[in-house]
Every structure is written in structure tokens, then in C-alpha cells.
Amino acid sequence: MEKNYDPVEVKRFYNKLPHGKVRMAAIKSAIEKADMHNDITFMLYFREDLCEESCFYSDETEMMVVFPEILNLIDRHPDTPSTQFDTAYKNAMEHVLWVYKWVVGRCSGFYQVPMEDCIKFFEDFKKRSISYGFNLKPYYKLLYRFYSFDDEKSDKAFHKYEKLPRDGNGDCKACDRNTEIGFYLDKDEFEKAKVLSEDIETFKLKCGNDRSAWLRMKDKFMCYYMDKGNFEEADQIAYILEHNMNQKTEYQVWDEILRCYSYTRPGRALRVYKKHWKDWQSGTCPSDEFSKALNVCCFWKKFITDRKKDTVKLEFDNSFPLYNEEKIYKARDLYNYYYKRAKDIALKFDKRNNADSYIKEMDEKLDSIPGFI
């Protein structure tokens, strides 16, 4: 057992490390040290930090694995206090409920999590929120997003969310506003969404101290314009996003920018693909993998329909499944590779959800590009 265990110094040490694998490893080491000393307060806190790092900067599966440990700890030690690093929460239980939102919000992104287990997550979060005195605004917000494959259930959840006031476990005003913007864009109520976006556009509403809410809002409008076939408007936002991204995984929307540029800046689109192809091979959240594979698939279809050449030179390494030493590839083979990858994931999600929304999304995006299929 480490003699000079000081959880405060451990926390300060890993906070200086860059986000991603390096910090994740340091937080895991911190958890081991807290466990060895049976330091319940920091056994919880370090695990919560791991969830945050996993959710926003690294591999989300880490969060899904460690969170049940958090629930087990807090159920055995419900009166655990907050640390000096999370005084915004009354105690550890309140912090756990905050982190729980991330877990519930992401469980739908893993087809490996059966529908019944997703529902159990939701119902447990609901039960714990009520017992702690919070209302169900976050619960209905998450339920609205979860039922993206069922318009009736999704709309019902959104309108319940919309009517409830924000309380201590509610997201910030900017995050809630972005939820509303997304809903009305999905309903093609553009003017209403535009009015709602004004306070975020002018930074009257912000999420924390950075531009996260603004980036999220911009991305929503870019995707809306692309879905409507208005690629000139989308291009203006894509350029803004490209030059304003922050470190969070959520805002690495290069695949969406790729899809946009394939219409407006094809040369730039190919350069984006060459730079980021390897990042798109190492996804850990299946729903994100699906979106990326589909956007890349759209890029290759547009490439094939717009260019006379049917081959392209790419500096893949041998980690890419189609790698060859000549480094000359058929564009159609690349299209087929990403198509199969997206479709395989889509079928698994649709089976889990007992729906066809993923396959429909594939068909709609690819059918919007006239051409060779």
C-alpha cells in the first residue's frame, strides 16, 4: 500500500495531463489507489472523473463499464460527502445523478445494450431522481432523444420535457435551448428554431466558459441545411466549425464536414478524408461509427459520380482492410466498404429497436446523390 497517498495531489497531477488515453490511464491509477485505501469519497469521485473523461474525450465504453461500480458504491454509502473538487453538488449522491444522465443518454448508442436494459437504465434513473427530490425534466429530455426511431413516443417525451421547469439536476439553459432547436429543426420549423438560436449565436447563453453550446447549435443547422440539399448554406457553417473545434469528441464533426465539402469543395473534401480516415476506423460508439461510415459513404458516392477517374491514390497503412502496397484504390471499392460497414451497424440497431430508422436514414442520404447504384 502506498504510504504517502494524497488524493488531492493525485487529482491535481492528472488534471495537468492531456485529455484522452494518457489522462484515462492516470485516472484509472487514481481509482486503484483510492480502492487500496478504502477511501470511499475518492473511490466515487475518481470514477466519476473517469466517466467524464470517457464520455467527452475518449472511449465511451469505459463509462458504461465503470458506472455500475459507482451505483454499487453509492447504494452502500449513500451519505458520502462531496470532495473539494465538486462542491457544486450537495453530496456524492447528487453528483452521481448528474453523471447518470450521460450514461442514460449514451446507452442507446450501443446496439450491444438490449432494449430491456436501456429501459432499466431509464427507469432506475427516474426512480433515483424522484427519490432525491428532482423532477423529471432530464429524464424526458433523454427519453425524447432515445426514441428517435419512434416519432410518437419521441414527441410525447419532448412535450413533457418542455413543460417542466429546470431544477438542480437540469442541464444548463444553453443545452436545453439546443434541445429545443434540434426538435424544431427536425419538425422543419426553421423560423422557430432560428429565433431560439439567437441567444446562443450572440453568446448570451453559453455552456460553461467555452463555445460548446454555440458549436452544437452550428452543427445542428449545418446538418439541417445538408438534409435539405442547401449545401451552400451548410458550407459556410462547415468552414466555421472547421476553424473553431474544441477538444471534445462531440465536436470532431469531420465526417459531416466531409459530406458537405464533397458538394462544395471536392478537393478539400478529399484532403479531409486523407487526414482523418484512420480516426474513423477506431470508433468505440456504434451509433457514432454508423454516422461516420454513412457520411464517408456519401462522400465516395459523390466522388464517383462527379469525377471521370475511377481510382485514387491514398496513403493508407496496413491497418486499413483494403490496403495494398501500390496504394491505388478503386473508388467503388471504398464506397462498398463503407456502405457495408454502415449497413451492418444499421441492421443491428434496427433489430434492437424493432424499427427501420437506421436503414431509412441510409437510403435517404444516399438516394439524394444521383448516380451509379
Side-chain angles (χ1 to χ4, degrees), residues 108-109 111 148-151 182 185-188 219-235 237-238 241 252-277 279-281 283 285-312 314 316 320-322 329-373:
S108 63
Y111 58 74
S148 59
F149 56 88
D150 187 321
D151 287 345
L185 286 176
D186 287 342
K187 297 302 177 186
D188 205 16
D219 185 45
K220 289 179 187 298
F221 277 95
M222 179 179 71
C223 291
Y224 172 83
Y225 286 129
M226 284 197 288
D227 289 343
K228 291 296 177 182
N230 189 344
F231 285 92
E232 290 185 6
E233 290 285 351
D235 177 85
I237 300 176
L241 288 172
Q252 302 304 308
V253 292
W254 289 106
D255 57 302
E256 293 170 1
I257 290 171
L258 174 78
R259 181 182 163 219
C260 178
Y261 283 172
S262 67
Y263 285 85
T264 59
R265 308 175 194 227
R268 176 65 179 148
L270 183 58
R271 290 194 292 274
V272 168
Y273 177 77
K274 288 178 178 180
K275 184 176 181 180
H276 293 282
W277 70 267
D279 298 332
W280 298 328
Q281 291 298 113
C285 175
S287 63
D288 291 344
E289 286 184 64
F290 166 76
S291 297
K292 290 170 184 175
L294 178 54
N295 282 326
V296 177
C297 193
C298 289
F299 160 71
W300 283 118
K301 183 173 181 183
K302 195 79 173 69
F303 182 95
I304 292 166
T305 57
D306 288 355
R307 300 197 179 197
K308 293 180 181 179
K309 289 176 62 178
D310 60 358
T311 60
V312 59
L314 296 166
F316 291 138
F320 191 74
L322 304 184
Y329 299 88
K330 291 182 179 179
R332 188 179 289 267
D333 288 345
L334 293 164
Y335 168 86
N336 288 336
Y337 166 72
Y338 286 104
Y339 180 86
K340 183 180 185 305
R341 190 173 177 185
K343 188 171 183 179
D344 286 349
I345 298 172
L347 290 172
K348 289 172 181 175
F349 273 113
D350 283 345
K351 182 178 179 180
R352 195 276 303 270
N353 297 339
N354 191 27
D356 61 358
S357 61
Y358 276 79
I359 289 295
K360 276 186 175 179
E361 182 180 350
M362 280 192 71
D363 291 344
E364 287 172 4
K365 284 187 176 179
L366 290 169
D367 288 350
S368 68
I369 307 170
F372 67 102
I373 300 302

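Only this structure's heavy atoms are used, side chains among them; waters, hydrogens and symmetry mates stay out. Along the sequence shown, residues are numbered consecutively beginning with 1.
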Salt bridge (Lys or Arg N to Asp or Glu O under 4.0 Å) assessment of Asp344 paired with Lys340 | CA-CA 6 Å; Asp344 286 349; Lys340 183 180 185 305; 2.8 Å; yes
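- Salt-bridge formation is detected for the pair Arg259/Asp227: a Lys NZ or Arg NE/NH1/NH2 atom is positioned less than 4.0 Å from an Asp or Glu carboxylate oxygen.
- For the pair Phe316 and Leu322, the minimum side-chain heavy-atom distance is 4.5 Å or more.
- The closest side-chain heavy-atom distance from Tyr339 to Met362 is below 4.5 Å.
- Expressed to the nearest 0.5 Å, how far SG of Cys297 lies from CZ of Arg341 amounts to 11.5 Å.
- Among residues two or more places apart in sequence or in another chain, the side-chain contact (heavy atoms from CB on, under 4.5 Å) test is passed with Asp363 by Ile359, Asp367.
- A salt bridge does not link Asp350 to Lys360: none of the charged side-chain nitrogens sits closer than 4.0 Å to a carboxylate oxygen.
- Side-chain contact between Asp310 and Lys330 is absent, with no heavy atoms from C-beta onward closer than 4.5 Å.
- Interatomic distance, Ile369 CD1 to Trp300 CH2, rounded to the nearest 0.5 Å: 13.0 Å.
- In this structure, the separation between CE on Met222 and CG on Leu241 is 5.0 Å, given to the nearest 0.5 Å.
- The closest side-chain heavy-atom distance from Tyr335 to Leu366 is below 4.5 Å.
- By the 30° and 60° cut-offs, the orientation of the rings of Tyr273 relative to Phe299 is parallel.
- In plain terms, the two heavy atoms of Pro286 and Gly109 that are nearest each other are CD-O, 3.2 Å.
- More than 12 non-hydrogen atoms from other residues, nucleotides or ligands lie less than 6.0 angstrom from NZ of Lys187.
- The shortest non-hydrogen separation linking Trp280 to Lys292 is CD1-CD, 3.7 Å.
- A cation-pi arrangement, defined by a distance under 6.0 Å to the six-membered ring centre and an angle within 45 degrees of its axis, is present between Lys302 and Tyr263.
- Closest approach of Pro321 to Gln281, counting heavy atoms only: CD-NE2, 3.7 Å.
- Residue Lys365 qualifies as enclosed at atom NZ: its count of foreign heavy atoms under 6.0 Å is above 12.
- Heavy atoms only, all atoms of each residue included: Ala234 and Met226 are closest at CB-CG, 3.6 Å.
- Of all non-hydrogen atoms in Asp188 and Tyr224, the two that sit nearest each other are OD1-OH, 2.5 Å.
- Taking SG of Cys298 as the reference point, atom CG of Asn295 lies at 6.0 Å (rounded to 0.5 Å).
- Taking the side chain as every heavy atom from C-beta outward, Phe320 and Leu334 approach each other to under 4.5 Å.
- Relative ring orientation between Trp254 and His276 is described as parallel, the plane-to-plane angle staying below 30° on a 0-90° scale split at 30° and 60°.
- Closest non-hydrogen pair, Ala269 versus Ser262, comes out as CB-N, 3.7 Å.
- The shortest side-chain heavy-atom distance between Arg307 and Leu270 falls under the 4.5 Å cut-off.
- Phe349 and Tyr358 have parallel rings, their planes meeting at less than 30° on a 0 to 90° scale where 60° marks the start of perpendicular.
- Judged by distance alone, the side chain of Asp235 and the main-chain N or O of Tyr261 form no donor-acceptor pair under 3.5 Å.
- Separating the CZ atom in Phe221 from the CG atom in Asn230 is a distance of 12.5 Å, to the nearest 0.5 Å.
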